[in-house]
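Everything below concerns the one structure shown next.
Lettering follows sequence order; numbering is per chain, from 1. Quick caveat, the model's predicted, so the values are computed rather than measured.
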Amino acid sequence: MNTILLQNLTNPNVNLQIVLPEMIVALTGIIVMLYDSFVPKQRSVTGTISLLGLAISAFVLVTMSGDAPATAWNGMVANDGLRLSFSLVFLFVSAITILISTVWTERENVPVGEYHALLLFATFGMMFMASGNDLVVMFLGLETLSIATYVMAGLRRADLKSNESAMKYFILGSFASAFLLYGMALIYGATGSTNVTEIALRIANPNFPALLLVGGAMLIVGFGFKVATVPFHVWTPDVYEGAPTPVTAFMAVGSKSAAFASFLRVFVLGFPLIAGVQASAYLHESWITALSVMAMLTMIVGNIAAIMQDNVKRMLAYSSIAHAGYALVGFIGAGMAETTAKRDEAIAAVAFYMLTYAVTNLGAFAIVTLLGQKNDRRTDFQDYNGIGFRTPVLAFTLSLFMLSRLGLPLTAGCMGKVLVVRPALEAGNLLLTIMVIVAVVNTAISAYYYLRLIVVMFFRERTTDWIAPRIPTALAAVLVITVVGVLYFGIFSDGIIEKFSKPSIAPALTAESRP
Amino acid sequence: MDFIAENLLTILILLPVLGAISVIGHQMFWKQDAHLKWVTLFWALLNFVLSLFLVLEKGGASASGFFFEKNVPWIRAINTNYHVGVDGLSLWLVVLTTFIMPIAILSTWHAVEKRHAAFYAFLLLLESAMIGVFCSLDLLVFYLFFEASLVPMFFLIGIWGGENRIYAAVKFFIYTALGSLLMLVAIIGLYYLHASATGVGTFDYVTLLNSLKSGALPIPRETGIILFLAFALAFSIKVPLFPFHTWLPDAHTEAPTAGSVILAAVLLKMGTYGLMRFNFALFPEASRELAWIFIILAIVGIIYGALVAMVQPDIKRLVAYSSVAHMGFVMLGMFSFTEMGMQGALYQMLNHGISTGALFLLVGFIYERRHTRAITEYGGLASVMPVYTTIFVLTTMSSIGLPFLNGFVGEFLTMVGMWTSEAIPHPWIATMFAGTGVIFAAVYLLWMVQRVFFGKLTNPKNKRLTDLSWREIGLIAPLVFLMVFMGVYPAPFLNRSREAVVAIEERLTRQAGGTIEHAEVSPKKEANSLPPAH
């Protein structure tokens, strides 16, 4: 093994082209930082540069979509369906976050340059979480993302809530990172590799099977925290509520999808079921069961807690916990897939779900930001009383987003849900079927609080004065993009799903691998 | 013209959406609330006229028995198609929808006090979703329309409803959404059953039906029952079947008049239509096995609805509970599994739409005048509002099922169908109980009529009530005409639906013993025998 290592070190299989999208984002981040330190008083230049960088990166990614799945840098970086689809989601999320932030940065006088640079570095981290095919690369990506978001959560320095949010996120996040790292170390101990593809080949014959299980459990804890699944979700509401709304949007959508990307790669591609191998069967069954239970708890706790919230941001925070549960349903479906094609399809379904979730969530957060006013003061349900017909465009758009989150037909949310539920039902497994039914019942429960916002806006009368905010251009752009997105993904999802369904880098599954 | 004929159903579905957009555009540019109702009426009438082409079309059914079929791929990744078409089952329901809409819009002439543009836009969007429900032949598309119809209704009740509107709207939404979501799981389940049996997953109703008929898609008994129940729950809530009916009185009472009319006339029919189209045709074995539950619940609904209606102090609530009883009748006819019973049920669906729709309109008229619906506030109205009284009494008679009015035909067919049914042992018991329902209906409706219209005019507020205006007479007249016409000459309606009903009946009975000779199997034996294993 040492000779292989040595060979790899001396001949590192350099392929700059494969990491070009990441490099462009990082480079843009550096340019933004430099520009900001020389021209500090700017308001919109760094934003434009950032958007441009993200667009170029996305363009490069799309041109790479035709390439056959490949790895580079000694298998540390992969270019496959999972990377492609998730990275596009991240770039989209960052771009929209920058647009949403314009309102807030102006209102609160935030150092824009720093903020944009941090956002780009976070995006860079996220992209490596999707393209990393090695536990170490994933961890580096995760830390890059986390450190940037810790700072972003605390950007509103004068605000105690924002400070609290950043502090909580930092301490708990570090804790989770430690778990993750320890888990990775144990997996390395058990398999002798940190490369996901290698791990998948070696779990058939691990050095020490118990280590594999303990390591897997630690990884679940670590990723569970980042994805915010019950019971590792407790940080979410406080952090989401305290952080500035655009940052909340970014965390709720971006960080979550990024964590899902790594989570998917490690578990679905790294810990598959190998025919007739006891160790792999045991590991596979354990993680499927653990995640199924987590998914159900996540949906139930997230939704029930969301019902009880009086603050819209907190409601959205809890509902995004519940949404992690729905995405997990597709995740587990991917884990149970019997053929490689079906597995890739299920992974694409999760990526598509994150995309629909991103579109809907970002739109909702954009409106909440706009209506929130300084320091996000007006984010309680009662602040939305009767504003429906005072500002019909915003209110109907927000209603559309709520209905999409609920999963009503002809919206993105519905398509997302149908697609993630599908692989789980296909498995024909009792536990998974129960999970799907839990998901469905939870959707009906969630109707209560999503509708509540609509009820408050339209069905109640306003007693106090309220002036409709002017919609700035950047936000109008966000709303147009997200509304079109919600309807487009809801009605014409055909093309997108096809684009996302690209093969992943992993040892092929065979139909016979099922005992 | 060819284009219209080929895409007629799509046009019927999309035209109201276009109308809704035009209403909002009109509001944005002209800001004239008074114009909006005309614009809306125009679109609704246009849709009605176009829908009449459906009735005129005689031949041209495709191999699967559907007219105006259109099948375009939608999402290839999950093999779902935009597949629409009508047959005898859905034809009249589509026409009922387009027919009721202009009437509902006319009824709102002076009733809408706020947010006119949104009101009319939601009405039109609702029409589009309802037509979509009756036309779709792809299960996923059906589900989409089924769910989509909730949203406009939710807003209609929530914004323009009565005092307790928020509670009613949310209850309506969550109740129906829960049911239909479970149906979605069953739909996806069917997809995979088909995928594992034939290699290709499909949501297409016709394909599924053909696979089931040819035996290419065997459904094990337990699976069939679970799927049947998931579908049936969604539809039973919509019907609503006792004990899932509790959303209905609230929604009906709180909804604005136009909303109540549409709710009664069309939305409830989605449930019974769905049961007949999907439950019966896709899961005949499970239908036969579980028929007794639905028959019992239907009878409980008929009697319970009638008894509760009797003690309602509010006229609108009374009519709402009468809906529970009437829809129980429809369910009874359907679950008789006889041609006559199902034809009667189908006819009764139309009747209920017309009669109960008319009753809600009439209640709306008086509510606009007095702003109360309490029976005790009225009395002796016959002396001040003779025209109104005449029409009201006639509608009541139609609702009760007086001979030569439409209700009679439907109820008669239903009862005869039930009597000869082989779905349960001793069907005459069920028929007898259902019969008492007719008597109860006469009691609560006539008692209400007596208290509201006859006797002395005691309340001074009622002395200056004006009789119906020409607009009101004009909008109720088509309904009254249909009540009489459908009562004396039901043949054209029944003829058009026979073929589809017979197909379903055959499907239900052929599976029973593997042959069509169901007449020889004794009712009891048949009901108890398990479906043969395929």
**OP:** To the nearest 0.5 Å, tell me how far A:Cys414 SG sits from B:Tyr143 OH.
**Re:** 5.0 Å
Subject >> Segment of B:Ala195 engaging chain A (4.5 angstrom heavy-atom cut-off) >> reply: neither
Original post:
Just how far is it from atom CD1 of B:Ile159 to atom CZ of A:Phe389, taken to the nearest 0.5 Å?
Top reply: 4.0 Å
Original post:
Tell me, side chain or backbone of B:Ala169 under 4.5 Å from chain A's heavy atoms, or both, or neither?
Top reply: side chain
Subject >> Contact class of B:Leu184 relative to chain A, heavy atoms under 4.5 angstrom >> reply: side chain
**OP:** Below 4.5 Å from any heavy atom of chain A, which atoms of B:Tyr191 appear? Answer side chain, backbone, both or neither.
**Re:** side chain
Original post:
Given a strict heavy-atom distance threshold of 4.5 Å, which part of B:Phe146 is in contact with chain A: side chain, backbone, both, or neither?
Top reply: neither
**OP:** Decide yes or no for B:Trp160 and A:Phe459: does some side-chain heavy atom of the first lie under 4.5 Å from some side-chain heavy atom of the second?
**Re:** no
Subject >> B:Trp74 side chain vs A:Ile491 backbone, donor-acceptor pair below 3.5 Å >> reply: yes
Subject >> Among the listed options A:Lys417, A:Glu426, A:Met415, A:Glu345, the residue most often paired with chain B at heavy-atom distances under 4.5 Å >> reply: A:Glu426
Original post:
What's the verdict on side-chain contact (heavy atoms from CB on, under 4.5 Å) for A:Val455 and B:Phe154, showing C-alpha distance, side-chain angles and the deciding distance?
Top reply: CA-CA 10 Å; A:Val455 164; B:Phe154 173 70; 3.9 Å; yes
Subject >> Distance (rounded to the nearest 0.5 Å) between A:Leu451 CG and B:Ile174 CD1 >> reply: 6.0 Å
Original post:
Distance from A:Leu403 atom CG to B:Phe173 atom CZ, nearest 0.5 Å?
Top reply: 6.0 Å
Original post:
Can you tell me how far the CD1 atom of A:Ile445 sits from the CG atom of B:Leu181, to the nearest 0.5 Å?
Top reply: 11.0 Å
Subject >> Proximity breakdown for A:Val421 and chain B, heavy-atom pairs closer than 4.5 Å >> reply: side chain
